[in-house]
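Working notes, structure below.
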Amino acid sequence: MQRDIDESKRELARVKELLKDEPRGLSITDISKRLIMNRNSVSKYLNMLLVSGHVDMRTIGVAKVYFLSQRVPISAMLDFSSDLILILDGRVRMLQANDNFLDFFGLNHDDIAGESLPSPYLPEISTGGVVSVLKEVLRGTQMTRDVALEKKGSLHYFSVKFLPTVFDDGKPGATVVMEDVTDVRNAEMDLKAALRDRDLLLNEIHMRVRNNLQLISSIINLQATEISDKKARTLVRETQQRIESLALVHQTLQDSPDHAHIRVQEYLESAVSEISAFLEVDGGRIRVIVHSDEAIMGLDSGIAFGLVVNELLSNALIHAFPEGRRGTVSIRVQRAEDNEISLVVRDDGIGLPAGFDLASTDSLGLTLVRALVEEQLRGTISLDSNGGTEFYVNFRAEE
Amino acid sequence: MSEDKRLGVGVVEDDAIIALDLKRRIQKLGYKMVMSAAGAEDALKLAEHEHPDLVLMDIRIKGEKDGVDTALLLRKKFEIPVIFVTAYSDEDMRRRADEASPLGYLVKPVRDSDLKVALSQAEERLRG
């Protein structure tokens, strides 16, 4: 048996020796002739050398040509890597480390050669966590961990790969590859900080806008106490309600996760609740139903949309159900491609007066609605007044 | 509690017009206005003498102490509760404000109906 093994080793060495002097490579026939060895044996030894990586094979035309592998010592390759690399044997003894690894930890090869982990030379990676990870790796599991290490007062962040490794002699080991991701991590943290600042700034802006809207509302309130004429007081209250609908858009924006978009369903629910409370609507007499597709819109569209909803809903609540009449108002929003929004406000009330024309109405509320839809939202508005009133508004909302 | 049985209310708001509007609306709702201050220092001095039953406190007021700090001091020194009035809906601020165990929150711009509900609920709790 041993004689066979020695024989194989000798023959393998002969094949390698021959290929060493033939940089253009040799076919099986060439090798067989030159070494005076039968083709089957040559084929067998070449396969062994191919598997072990000592020989490469290329197909040239129909011929298979074998070359000696151009092998570079692994230690030289390790030093080309920008990563920190440590190789350990099956007993977690340190066999090899590249220059980056040694530089980072302030060590030289002699310090670590043959040292086992945990090691006093490497307290940073001698933690229980690392040692237990290495045990898993030696059982064949590849693992990745994020690690922060302090060096000279500054933190370095590493993405560490623990790779199961098999040595030439078939024994298991582990390779630890530490990629320095400090720059990426710092850039991420800078970005997060910038986003936090942006959120704070947006929150502050919405807060100030709402405070100013409160100021305007207060001025109107104070002025309203001096007005005795009922019609004039109603007009003032309508103005105040419009201001509150603006404030609600800002509140919805402020409450949204990015402080920049309103979620339509949430906005509508709040608007219905606020407007109904403002107009002191009896919920048992007039029911308001809201349904919206998943839709969001930015500040500009949101403000105009909010004012349109305010006018159409208020109009229905104030005028559609006179003298204690009962009924329902429904607000439906559908969203199509490209954020095309379709808003329908419908009531089953008394309907609009005969001959009502949206284009020539002198109602301020509906004039505002037309201006907002057609001029600001660049959309269309139409109405149907058979058996109640139904307003159709279509526009493309900015996202 | 005030002897005439109407709740004595204070307002701490650094914006004079908003403060004036709130005071009038509070009076219109039948409550007694007993103090008005623009900052923490004045609020604490006035509260010591006027002892309101509750204070409507703006969270953002000028000066070293904000509305939450002032509310904590009012409760600690004089056991006076607050209703916070705010345009600020930041979660951290809300958590901080909760430490003062407020009787409620009013979001700016404050509607009459919300003011009425907040004051009557506070009154119920104080008299309860």
Side-chain angles (χ1 to χ4, degrees), chain A residues 196-197 199-227 233 236-237 239-257 259 262 266 270-271 273-283 310, chain B residues 9 11-31 33 36 38-39 56-63 66-68 83-97 104-121:
Chain A
R196 258 198 315 275
D197 288 348
D199 279 357
L200 284 174
L201 188 64
L202 280 173
N203 207 18
E204 180 72 21
I205 289 167
H206 290 307
M207 195 273 293
R208 283 173 188 264
V209 168
R210 279 169 58 194
N211 210 56
N212 287 341
L213 290 171
Q214 167 73 73
L215 184 63
I216 295 165
S217 181
S218 290
I219 292 169
I220 293 171
N221 247 337
L222 293 167
Q223 202 163 27
T225 56
E226 316 220 325
I227 300 171
R233 282 173 72 94
V236 168
R237 276 179 63 80
T239 303
Q240 204 169 18
Q241 192 189 335
R242 286 176 185 124
I243 291 164
E244 288 191 3
S245 82
L246 287 179
L248 182 61
V249 173
H250 282 279
Q251 187 182 337
T252 314
L253 284 164
Q254 204 176 349
D255 292 342
S256 76
H259 303 310
I262 63 165
E266 281 169 34
S270 304
S273 152
E274 293 227 345
I275 294 166
S276 301
F278 193 90
L279 296 174
E280 296 174 3
V281 172
D282 173 2
N310 177 61
Chain B
V9 181
V11 167
V12 180
E13 162 67 63
D14 61 358
D15 196 310
I17 292 173
I18 298 174
L20 181 63
D21 174 39
L22 280 175
K23 281 187 278 184
R24 289 201 181 173
R25 289 158 74 188
I26 289 164
Q27 282 167 331
K28 204 174 143 195
L29 288 168
Y31 298 97
M33 270 304 306
S36 174
L56 256 65
M57 176 75 67
D58 186 15
I59 287 184
R60 280 254 181 135
I61 49 173
K62 290 187 185 82
D66 68 3
V68 178
I83 292 173
F84 282 121
V85 182
T86 181
Y88 211 85
S89 64
D90 173 64
E91 269 301 308
D92 291 340
M93 179 63 86
R94 180 72 182 241
R95 267 193 291 276
R96 247 191 85 218
Y105 287 90
L106 284 166
V107 178
K108 287 182 179 179
V110 179
R111 284 198 318 252
D112 274 342
S113 54
D114 290 340
L115 182 63
K116 189 177 171 181
V117 169
L119 286 172
S120 71
Q121 282 178 345

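This structure is a prediction, so every number in the text was calculated from the model and none was measured. In what follows, chains carry the letters A, B, and so on, assigned in the order in which the sequence lines appear, proteins first and then strands, with residues in each chain numbered from 1.
- Only the side chain of B/Arg24 comes within contact range of chain A, with at least one heavy atom under 4.5 Å from a heavy atom of that chain.
- Taken to the nearest 0.5 Å, the CG atom of A/Leu215 stands 5.0 Å off from the CG atom of B/Asp15.
- With contacts defined as side-chain heavy-atom distances shorter than 4.5 Å, the pair B/Lys108/A/Leu213 does not qualify.
- Within the 4.5 angstrom heavy-atom criterion, only side-chain atoms of A/Glu204, from C-beta onward, approach chain B.
- Proximity to chain A involves both the backbone and the side chain of B/Leu20, based on heavy atoms less than 4.5 angstrom apart.
- The shortest side-chain heavy-atom distance between B/Val107 and A/Arg210 falls under the 4.5 Å cut-off.
- No donor-acceptor pair under 3.5 Å is formed between the side chain of A/Glu244 and the backbone N or O of B/Pro109.
- Minimum interatomic distance between A/Gln214 and B/Ile18 (heavy atoms only, all atoms of both residues): CG-CD1, 3.5 Å.
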Problem - Pair A/Met207-B/Thr86, side-chain contact (heavy atoms from CB on, under 4.5 Å): steps then yes or no - result: CA-CA 9 Å; A/Met207 195 273 293; B/Thr86 181; 5.9 Å; no

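- Taken to the nearest 0.5 Å, the NZ atom of B/Lys28 stands 8.0 Å off from the OG1 atom of A/Thr225.
- Annotation: the span from A/Ser217 atom OG to B/Ile17 atom CD1 amounts to 12.0 Å, rounded to 0.5 Å.
- Heavy atoms of other residues, nucleotides or ligands lying less than 6.0 angstrom from CD of B/Gln27 number more than 12.
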